[in-house]
Structure formats: structure tokens, C-alpha cells
Amino acid sequence: MTEQPNRFDPTIPEPAWMDRWLDSGALRGDPSSGREPYVIAIPLPNVTGSLHMGHALNNTMQDVLIRWHRQAGREAEWVCGTDHAGIATQAVVEKNLAAEGIRRADLGREEFLERVWSWKEESGGQIITQQKRLGCTLDYSRERFTLDEGYARAVAEVFVHLYEKGYIYRDRYMVNWDPGLGSAVSDLEVENRTVVDELVEIAYPLTSGEGEVIVATVRVETMLGDTAVAVNPDDERYRDLIGQTVTLPLVGREIPVIADDHVDPAFGTGALKVTPAHSGDDFEIARRHGLDEVSVIGEDGRMTDLAGAYAGLTIAEAKRAVFDDLQAAGAIRTVREYSHDVPFSHRSGERIEPLLSLQWFCRMDELAGPAIEAVRSGRVRFTPERFGRVYLDWLENIRPWCVSRQLWWGHRIPVWYRGDEVHVGTEAPDGEGWERDPDVLDTWFSSALWPFATQGWPDATPELARFYPGDVLVTGRDIIFLWVARMVMMGFEFMGDIPFHDVVINPIIQAPDGRRMSKSLGTGIDPLELVDEHGADAVRFGLLLMASTQDVRFNEQRVLQGGQLVTKIWNATRLVTARGGRAGSPAPELRTVADRWIASRLADTVTAASRLIDEYDFSKLADTLYHVVFDDFCDWYLELLKAETASPDVAGYVWEQLLVLLNPVMPFVTEECFTFMPGAEGMLLTHPPAQAPWGEDPAACRAVESLIQVTSELRTFRQSRDITPRTELSVALAEAPPDLPREELAAIARVAVVDDAGDNPYTVPLVAGRILIARDAASVDVEAERARMGREIATVEAELARAEKKLANSSFVERAPAHLVTAEREKIVAHRAALTALRADLDELNATTA
RNA sequence: GGGCAGUUAGCUCAGCGGGAGAGCGCCCGCCUCACACGCGGGAGGUCACUGGUUCAAUCCCAGUACUGCCCA
């Protein structure tokens with residue numbers, strides 16, 4: 001064993017420790033070990049991604065869990081890998097190509113995909129390396145990619161199965177068309193933004209020639225595809241018109257006026273133009289009434305042939321032209337500004353174009369049933385609990401999922417066509433002339449299979465048998481619908497069981513100013529830079545401290561606090577070993593009150609830490625460990641050890657246990673320190689869990705609490721009288737708590753315990769009782785002392801008055817619990833005694849100096 | 001429009017029926033034989049507002065005002 005250096009540079013040993021953990025084989029879960037598995041599937045990062053603050057927190061939380069349970073003897077498997085991330089990855093490669101002046105279409109599908117694969121091999125998956133820097137003990141040996149061969153087989157299998165069950169179907173239906181992407185996207189990939197548009201009122205003349213109906217729209221160009229005008233059946237203004245027809249201006253089509261409850265009489269004129277092919281709401285109305293669906297806008301963002309004279313124009317051009325023509329025809333009534341919410345694509349940021357398109361959908365109702373029941377029954381539990389409600393609300397109102405995407409990078413839909421024939425299967429059909437569906441599946445379709453596809457499904461592998469279901473999912477609330485709910489649904493459908501029993505929602509860490517942390521806003525903070533600066537342990541600790549049940553602003557001070565703990569751990573190790581503390585020994589004998597106290601504190605901490613892990617309260621866990629190290633172990637126990645009122649073997653034993661407890665949170669410094677403890681064997685990574693075989697010792701705790709209280713009072717006394725810490729005070733403890741450990745007090749507070757504090761001593765009141773300090777009359781500043789005593793007396797008088805007032809309230813005495821009433825009575829006795837003593841002191845002071 | 005959070009010390013956050021806590025910052029002492037990246041002492045809060053329940057409310061209930069997020 002080498003000697004422990006004076007100072008610790010956290011960044012130096014980190015890579016070495018990661019290598020040792022990897023070499024140990026302990027990160028690879030062994031399905032044949034016979035131990036109870038503990039499995040976490042990581043929220044798979046995009047292969048294009050790099051580690052941001054959200055990942056850093058999320059991954060640290062998981063690493064704490066996996067390390068804790070690994071120490072506890074569970075067969076730990078933390079599933080590792082990346083997502084092919086269809087849109088994001090394709091976009092990166094397209095951007096690189098654009099720099100060379102090449103477009104995707106120039107290359108063709110095959111060659112483009114080759115480029116994507118080679119990009120993936122060279123530049124993808126950087127995040128895996130970054131996870132190692134954070135100290136994450138993922139099973140890197142089983143790293144998976146959602147587009148690797150086995151995974152692709154699972155995806156095709158799932159598609160075919162769902163198709164055969166009738167859940168997956170192809171339909172021409174209203175979709176969210178993302179013009180920037182040139183693809184449909186799901187409802188979940190759309191966000192509403194408030195925009196100001198021009199609301200135009202257009203007059204549609206009644207075909208009968210008697211009057212007109214005025215409709216309002218922000219999408220003038222879509223009037224070319226109108227197939228009805230709808231009014232509310234209860235709207236008096238239009239009651240007579242229902243059943244009549246109007247003639248569509250510019251187009252000349254005769255379209256009916258229909259009644260539908262969905263129409264809001266208060267909006268616009270109360271008459272709604274119905275464009276089934278280009279509005280979700282209108283589409284619903286049209287399906288209810290069997291109206292024609294006329295698509296006037298195509299997937300290329302241009303007007304179709306059905307738009308007649310406007311065919312080929314872009315949407316913007318058509319908008320202008322139609323408006324001008326309506327104006328010329330005298331059909332425009334009013335134009336005004338109108339603020340409303342419209343959908344935008346999460347992906348491209350462009351305004352969504354709702355249109356009819358032939359796509360693959362998955363019906364979700366049946367799949368949702370068991371997933372709803374799992375959470376309702378508590379088999380799957382959310383932390384914080386309220387997110388279970390969010391999950392249920394969505395599943396209870398679930399709609400079909402558009403699973404096809406018009407991209408190249410992804411799982412190609414396993415469907416082949418030949419004329420009117422359709423073949424759905426994991427393999428291409430026999431025979432000539434079959435063409436495969438060009439579309440790929442929504443990336444979330446494949447990530448929904450993550451918990452079992454990573455274990456070899458559909459093959460019956462040993463891993464699948466042991467590592468499914470997993471235990472915990474730790475993730476962000478933004479993907480409760482996109483991912484969590486779908487994993488539960490797919491888990492039931494294909495494994496017949498839940499994928500995990502706990503879902504822990506990690507908070508979102510905002511920028512220090514409260515804005516979102518984002519690269520584009522320039523508000524991002526790179527966790528790896530923090531690791532460079534402060535070390536991974538400090539960053540992990542700081543993030544955990546920030547991890548409450550609500551969103552928090554990033555606070556670098558928490559990372560600094562982690563850095564302080566790292567230093568403290570380092571130095572405490574030096575002291576413990578210098579005093580002869582060892583690791584690897586059996587539980588030692590407790591010889592002193594200090595020993596009994598720290599043993600009790602350890603027992604308490606082991607219990608608390610275990611409970612906090614079970615409750616996923618990482619912030620409290622970090623805080624608890626911080627305070628037991630700083631306050632209990634270093635501030636008091638090590639001081640008592642230096643004063644030789646505690647035992648080195650106990651110090652060594654307790655410190656080893658504390659290092660074990662701290663290890664899941666701060667793996668690097670604890671492993672490093674452990675190596676400097678004589679007798680230490682192996683790594684903390686696989687060390688047995690912390691033990692405190694003595695249980696709690698309330699008597700020792702009370703004694704040390706008295707010691708701490710009296711010591712603190714004496715320190716305050718010194719400070720207020722400008723008495724240096726080195727000056728020994730003579731203190732009479734006659735009225736101090738009887739269990740106050742005197743030898744310890746003498747050593748730690750630098751006092752001489754005397755029987756008689758002489759004439760006219762200082763009185764220091766305690767919570768219960770008081771101590772007397774001998775006075776050196778020569779050093780007294782009489783005026784200052786008189787003032788201090790006056791303040792002291794006033795404080796105690798106020799306390800006394802408060803207690804008396806409480807007891808004077810008969811309702812309190814009658815209704816409050818007896819122990820509280822008793823406590824107040826005892827306070828009165830103590831306060832009166834203290835007052836008597838203080839007043840006597842003051843009289844004495846006045847008398848001797850008069 | 002519906003829902004969910006939040007409003008506590010200068011800052012970031014805990015606490016959640018019986019006398020307000022932490023870390024940092026601030027002020028004052030200490031180079032005390034592990035640590036000055038340290039130790040000790042201290043100042044600093046009508047716990048957003050208004051009502052209600054209770055012997056007792058920062059904590060429970062109702063409402064108001066802001067702030068953030070989700071769904072439509």
C-alpha cells in the first residue's frame with residue numbers, strides 16, 4: 001500500500017477506476033448466478049446525442065440505485081445502448097452532405113443509408129464514453145443499438161403480430177403533416193403555439209339565390225376543398241338554413257348546410273366552413289355526416305389538381321391568389337387580426353399541415369387496458385405519485401398512433417405490395433414483382449420494445465428469462481406518453497408482464513435564471529466541463545442534492561458542496577488511518593461513550609439511507625450522508641478520537657461502513673480512500689453493504705448531545721468575552737445534565753471541571769440545568785457584562801412569559817396532548833430557576849463593583 | 001378552456017399541525033498536531049395574500065394574486 005497523498009486531485013484517478021470496474025466483470029449481469037436480479041433499462045439516448053445536464057442527473061440517479069443494489073448482493077444489470085433516432089440522425093447526416101453540396105435524393109436510398117451507417121460508426125454513440133466519465137456502471141459489454149440486427153428482427157416481429165391481431169392497419173386519415181420533414185408525425189410530436197393570423201370572413205351565397213352565409217377562416221385557400229357549411233343545431237340564426245345548399249365561390253360546387261353540435265355559435269359568425277381534408281375538426285364532422293373529402297393541398301406543400309386553377313401553387317401563393325379572387329368577386333366581408341393556437345412540429349419547427357394521407361396506424365385501446373390497470377392497481381408505481389395520474393389521463397383517452405414515417409433511416413415497414421396484393425411478414429414474400437413499403441416506423445415504435453428486445457426477444461434467451469421484468473425506470477416526465485406508457489403496453493402484449501414496477505420521474509434542471517437549459521438559447525451548462533473542473537463525484541453529489549420532486553434551477557454551489565465533501569472524505573481517511581483505523585475487521589468492542597454514540601449514529605444512517613433509496617429520495621440521501629460525515633463523524637467523533645476518548649478500531653470500522661454507504665453516490669473518492677485503509681480488500685463496487693451490528697443507543701446519544709450543547713455554549717461564552725480557545729476555563733457542572741461526559745468535555749472544550757466555581761461565577765443556562773464558570777475578576781468588563789446579563793435575563797423572561805401564557809389557556813391544558821402540557825410546565829420550572837440564578841449573578845456583580 | 005406544480009433567510013432549496021432549517025453568500029474570531037478547499041462563533045425570515053377549521057396553522061380547507069409545466 002502506498003502512502004496517501006496530502007491532497008486529492010479527483011480527476012486523476014477517475015479513468016483508472018472506470019477501467020478497474022470494467023475489468024472486474026461486475027458490471028455484466030450474469031443470468032446464471034442464481035442471485036436475485038436488479039435490472040434497470042437506461043432511457044436510451046439518441047445515437048447523435050451528447051451528455052447534457054438532464055442525462056447527467058438521470059444517469060447518476062440510476063447509477064446510485066444500481067451500485068446500491070449491486071453491493072446488496074443483487075445481480076445487477078443496467079442495460080446500455082443508443083437509439084437510432086430516425087429523424088435526428090437523418091438530419092445530422094443530411095446536414096453534413098449539404099456541406100458537400102449533396103442532397104439525399106442525389107445519392108438514393110441505399111447509398112444514403114450507407115452514409116448514415118458510416119457516420120454512426122465514426123461519430124455516433126459518443127454519449128457512451130461520456131457516461132463512463134460520470135462513473136456510470138452500465139453493462140457496456142451488452143451495448144445495444146435499436147437498429148442492430150437482432151433488434152430489427154424484434155421490431156418486425158412486433159409489427160407483424162400487431163397487424164395479425166388487427167391492431168395495425170393502413171388508412172387514409174387525417175395526419176399531422178410536417179412540411180419541413182416531408183413526413184407525417186404523431187400527435188405527441190406536435191406542440192401548440194400561439195400565433196396571430198388574419199381571420200377572413202367570406203360570404204357563401206345560398207344556391208337558392210336568397211341571401212348568403214358568412215363563414216370565418218384563417219385558411220382562405222382551403223375553401224377550395226370545402227364540402228359543407230356547418231352550424232350549431234341550436235343556433236336560431238341559421239335554423240332555417242339547415243338542409244339548404246350554398247354555392248362555393250370560385251369553385252361553383254354546391255355544398256350543404258349541415259347541423260353539428262361541435263360548432264361553437266360564439267366563434268366568428270357561428271357558421272363553420274368544413275374542409276374535411278385539411279382540418280382535424282372538420283375531418284371529424286365530415287366522417288359523422290358522410291361528406292366528401294377533397295384534398296386540395298398535397299404532401300409536397302403545393303395545391304393539387306383538385307384545386308383547379310390554383311393547382312401547382314404553393315400554399316402561400318394560393319392563399320394570396322384565392323383571397324384576391326374572392327375580393328374581386330366581392331365575397332370578402334371583413335379581415336381582422338386573430339390570435340389563436342396552431343400546431344407546430346416538434347421536429348422541424350414548421351407549422352403542421354393537417355392533411356389526409358395514407359399511413360399505417362396502430363389502434364391502442366386494447367393495448368391500453370392492461371397498462372391502465374397496472375398503474376391503477378399499484379403494480380406499477382410512479383414517484384412522485386402525481387405522475388401516475390398524468391399517465392392514466394392520457395391512456396384513458398388514447399387515440400390511434402400513426403406509426404409510419406416518410407424517412408429513410410429507421411426500421412422499414414415489413415410490408416410488401418404487388419398490385420392489390422399486400423404481404424405483411426418478417427420476410428419478403430416469394431415471387432416476382434413485390435415492392436416493399438418505402439416508409440419506416442416511428443422511432444418510438446422500436447424504443448417501446450427496449451426492456452425485452454435488449455434481452456434477446458423473440459428468442460428465449462437466459463437473459464430474457466432473468467432480466468425481464470426489470471425493476472425501475474428513471475426518466476423525464478416529457479416522455480411519459482411517448483415512451484413509458486408504450487413500454488408498459490408492449491411489455492404486456494409481448495411478455496405478458498410489466499416491464500418495471502417503479503417509474504421514477506427525475507426533475508428538470510433549468511438554467512440558473514429559470515429558463516430552459518438549451519443549446520440554442522445559450523443557456524446550456526455542459527456537465528462534462530463541470531466534471532473536468534470539480535470531478536465526477538462532486539458533480540454527481542451536487543446533482544443529487546438538486547434532485548427534488550419539482551423542477552429546480554441549476555446551482556453550481558451544490559457541486560462545490562460536493563467538492564467539499566470529497567475533500568472531507570479524503571482528509572478524514574488520513575486521520576482515521578493515521579490513528580490506526582483499519583478496514584476489514586469484525587465489529588469491534590465499544591469502549592467509550594463516543595464509540596457507543598458513533599455506532600448508534602451509524603446504525604441510524606444505515607437505516608435512513610436504505611429507506612431513502614427505497615423511496616427514491618436522492619436529495620435527502622445526499623444531504624444525510626453529507627451531514628453524518630461533516631457533523632457527526634468529523635466535527636465530533638474525530639475530535640473525540642484525537643482527544644483519545646474514542647477507539648481507533650471503532651473509528652476504522654465505522655469509517656469503512658460510511659465509505660460503503662457513500663460509494664454509490666461518490667464512487668471515485670471512496671474507492672480511492674478505501675485503498676489507503678489497512679486491511680481493505682477488493683473494491684467498494686462489490687463490497688458487502690454497510691453494517692451497524694450494534695443497533696441504536698439512546699443513552700449514548702443523549703450523553704453526546706449534552707456534550708455538544710455544553711461545548712457549544714462554552715464556545716459562545718468564550719467568543720462573547722474575547723477569551724481565546726487556548727485559555728482553560730474552570731467550570732462547575734453541579735447543575736449540568738447528569739449524563740454529561742465530563743472527561744470528554746474537559747478534553748474537547750478545554751475546561752477544567754471543578755466542584756466549586758468560587759464566588760460570583762458566570763451562569764450559563766442550558767436547556768435543562770446550567771453550568772457555572774469561575775470568574776477572573778480582573779478581566780471583567782463590568783459594563784459589558786452588566787449589559788449582557790440584562791439581555792440574557794430579558795430572553796429568559798420572554799420564554800417564561802410565553803410558557804405561562806400557554807398554560808393560562810384552559811383549552812390548551814384540557815385538549816392538548818398531556819406530554820406537551822407537561823413539557824410546558826417543566827420549562828416554567830427551569831426558566832424560573834435560571835432567572836433566579838441570573839438575577840443573583842447580576843446582584844452580585846453590582847455589589848462587588850459598586 | 002381543463003389539469004398539475006410552485007410562492008419559506010440575500011441566492012438555490014428542504015421542512016409540512018405543537019417554539020422556522022441546510023448549503024452558499026455576509027459579519028466576527030482562529031494557520032487548534034486530517035483538512036485554511038479548513039475550524040469556531042454570529043447576524044439575517046409578519047413561511048405570497050384573504051378567510052375558515054383547530055386548544056394550536058408555514059403546514060389542513062376555501063378563495064385571490066402572480067410563476068412554471070402538461071393537455072385541449
Side-chain angles (χ1 to χ4, degrees), chain A residues 4 6-10 187-188 190-192 264 280-281 341 343 384-387 389-391 393-394 397 477-478 480-481 507-510 512 514-516 534 538 541-542 545-579 581 617 619-620 622-624 626-627 630-631 633-635 638-639 641-643 651 655 673 711-726 748-750 798-799 802-803 806-817 819-821 823-824 827:
Chain A
Q4 184 177 3
N6 287 344
R7 283 180 180 279
F8 176 56
D9 180 349
D187 294 338
L188 291 173
V190 167
E191 64 179 18
N192 286 325
D264 176 9
D281 291 339
D341 287 348
E385 229 173 308
R386 67 185 125 94
F387 291 110
R389 195 64 249 165
V390 175
Y391 166 101
D393 284 345
W394 184 72
N397 299 294
R477 63 173 136 76
D478 49 329
I480 290 174
F481 310 145
I508 290 173
I509 298 191
Q510 301 163 336
R515 287 191 292 169
R516 206 162 55 81
H534 305 284
F541 182 86
L545 265 188
M546 283 179 244
S548 77
T549 56
Q550 60 169 337
D551 296 348
V552 285
R553 298 180 183 204
F554 180 77
N555 184 356
E556 189 162 356
Q557 257 133 27
R558 294 303 193 191
V559 176
L560 296 172
Q561 194 180 338
Q564 290 175 333
L565 183 55
V566 168
T567 305
K568 203 65 174 174
I569 290 168
W570 182 259
N571 287 309
T573 304
R574 290 179 60 201
L575 180 62
V576 168
T577 56
R579 293 273 169 172
D617 192 341
S619 171
K620 187 75 72 58
D623 189 63
T624 300
Y626 179 90
H627 286 290
F630 265 83
D631 301 349
F633 195 79
C634 292
D635 282 359
L638 287 184
E639 291 306 317
L641 179 69
K642 287 197 284 191
W655 188 238
C673 285
T711 305
S712 299
E713 290 288 357
L714 286 165
R715 284 172 179 164
T716 308
F717 178 87
R718 278 200 158 91
Q719 186 87 7
S720 66
R721 268 85 172 175
D722 280 335
I723 300 168
T724 65
R726 300 198 163 188
I748 212 167
R750 290 210 181 147
E799 291 295 308
R802 194 185 157 280
K806 228 172 169 178
L807 285 167
N809 181 351
S810 58
S811 296
F812 172 75
V813 178
E814 284 160 26
R815 304 206 188 186
H819 72 273
L820 291 172
V821 178
E824 289 302 318
K827 278 184 207 168

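Nothing here was measured: the structure is a model prediction, and the numbers come from that model. Chain identifiers are assigned alphabetically (A, B, ...) following the order of the sequence lines, protein sequences preceding nucleic acid strands; residue numbering begins at 1 within each chain.
Helical stems in RNA chain B, defined as runs of 3 or more consecutive Watson-Crick or G-U wobble pairs with donor-acceptor distances under 3.5 Å: B:1-7 with B:65-71, B:10-13 with B:21-24, B:26-30 with B:38-42, B:48-52 with B:60-64.
Phosphate contact (OP1/OP2 of B/C13, side-chain N/O of A/Ser548, threshold under 4.0 Å): absent. A sub-4.0 Å separation between OP1 or OP2 of B/C13 and a side-chain N or O of A/Gln557 is absent.
Rounded to a whole angstrom, the distance from the P atom of B/C39 to that of B/U12 is 26 Å. The gap from the P atom of B/C4 to that of B/G45 amounts to 36 Å, rounded to the nearest Å. Here, B/C28 and B/A43 have their C1' atoms 10 Å apart, quoted to the whole Å. B/U7 and B/C49 are spaced 13 Å apart, taking the P atom of each and rounding to whole Å. Taking atom C1' on both nucleotides, B/A56 is separated from B/G1 by 41 Å, rounded to a whole Å. Spacing of C1' atoms, B/C26 relative to B/A9, comes out at 12 Å, to the nearest Å. Taking atom C1' in both B/C59 and B/G52, the straight-line distance is 15 Å, to the nearest Å. Comparing the P positions of B/C30 and B/A14 gives an interatomic distance of 38 Å, to the nearest angstrom.
Comparing A/Asp393 and A/Leu820, the nucleotide of RNA chain B nearest to each residue sits closer to the 5' end for A/Asp393.
Taking CG of A/Asn809 as the reference point, atom CD of A/Glu814 lies at 9.0 Å (rounded to 0.5 Å). For the atom pair CD of A/Gln510 and CZ of A/Arg515, the computed distance is 11.5 Å after rounding to the nearest 0.5 Å. Separating the CG atom in A/Leu565 from the CD1 atom in A/Ile569 is a distance of 4.0 Å, to the nearest 0.5 Å. Rounding to the nearest 0.5 Å places CG of A/Leu714 at 13.0 Å from CD of A/Gln719.
Side chains of A/Val576 and A/Phe633 form a contact here, defined as non-hydrogen atoms less than 4.5 Å apart. Within the 4.5 Å cutoff, the side chain of A/Arg579 has no heavy atoms near those of the A/Leu638 side chain. When side chains are defined from C-beta on, A/Arg386 does not count as touching A/Val390, because their heavy atoms never get closer than 4.5 Å. Side-chain atoms of A/Ile723 and A/Phe717, non-hydrogen and from C-beta on, do get closer than 4.5 Å to each other. Proximity of A/Ile748 to A/Lys642: side-chain heavy atoms (C-beta onward) are nowhere separated by under 4.5 Å.
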Working for side chain to side chain contact (heavy atoms under 4.5 Å, CB included), residues A/Trp655 and A/Thr577: CA-CA 10 Å; A/Trp655 188 238; A/Thr577 56; over 6 Å; no
Test A/Ile480 against A/Phe387 for side chain to side chain contact (heavy atoms under 4.5 Å, CB included), laying out the working first. CA-CA 8 Å; A/Ile480 290 174; A/Phe387 291 110; 3.9 Å; yes
A/Gln564 and A/Tyr626: CA distance, side-chain angles, deciding distance, side chain to side chain contact (heavy atoms under 4.5 Å, CB included) verdict: CA-CA 10 Å; A/Gln564 290 175 333; A/Tyr626 179 90; 3.6 Å; yes
One character per nucleotide, please: for nucleotides 30-41 of chain B, 5' to 3', B when the base has a protein heavy atom closer than 4.0 Å, S when only the sugar-phosphate does, - otherwise. --S-BB-BSSBS
Sugar-phosphate means primed atoms, P, OP1 and OP2; the rest is base. With that split, encode nucleotides 67-72 of chain B 5' to 3' as B, S or - using protein heavy atoms under 4.0 Å. --S-SB
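The separation between A/Tyr626 atom OH and B/U12 atom P is 20 Å, rounded to whole Å. Atom-to-atom, NZ of A/Lys620 to P of B/G21 comes out at 16 Å; the value is rounded to the nearest Å. As a whole-Å value, the separation of A/Asp617 CG from B/G15 C1' is 12 Å. Rounded to whole Å, the distance from CD on A/Glu556 to C1' on B/C24 is 12 Å. In this structure, A/Asp623 atom CG and B/G21 atom P are separated by 15 Å, rounded to whole Å. Residue A/Met546 contributes atom CE, which lies 9 Å from atom C1' of B/U12 at whole-angstrom precision. With rounding to whole Å, A/Asp631 atom CG is found 10 Å from B/A22 atom C1'. Distance A/Phe717 CZ to B/G42 P: 14 Å, rounded to the nearest Å.
Sorted by first and then second residue, the side-chain hydrogen bond (donor to acceptor under 3.5 Å, both in side chains) pairs with a member in residues 549-560 of chain A read A/Arg477-A/Asp551, A/His534-A/Glu556, A/Arg558-A/Gln561; sequence neighbours excluded.
Between A/Ser548 and A/Pro507, the shortest heavy-atom contact is O-CG, 3.4 Å. The two atoms that bring A/Val566 and A/Ala538 nearest to each other are CG2-N, 4.3 Å, heavy atoms only.
Contacts of A/Glu814 with the nucleic acid, taken as non-hydrogen atoms under 4.0 Å apart, are absent. Here A/Pro817 lies in heavy-atom contact (under 4.0 Å) with a base. Note on A/Arg558: a base of the nucleic acid sits closer than 4.0 angstrom, heavy atoms only.
With sequence neighbours excluded, the residues satisfying ring pair (Phe, Tyr, Trp, His ring centres under 6.0 Å) with A/Trp570 are A/Phe8, A/Phe676.
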Could you list all N or O pairs between the protein and nucleotides 57-62 of chain B that sit under 3.5 Å apart?
none

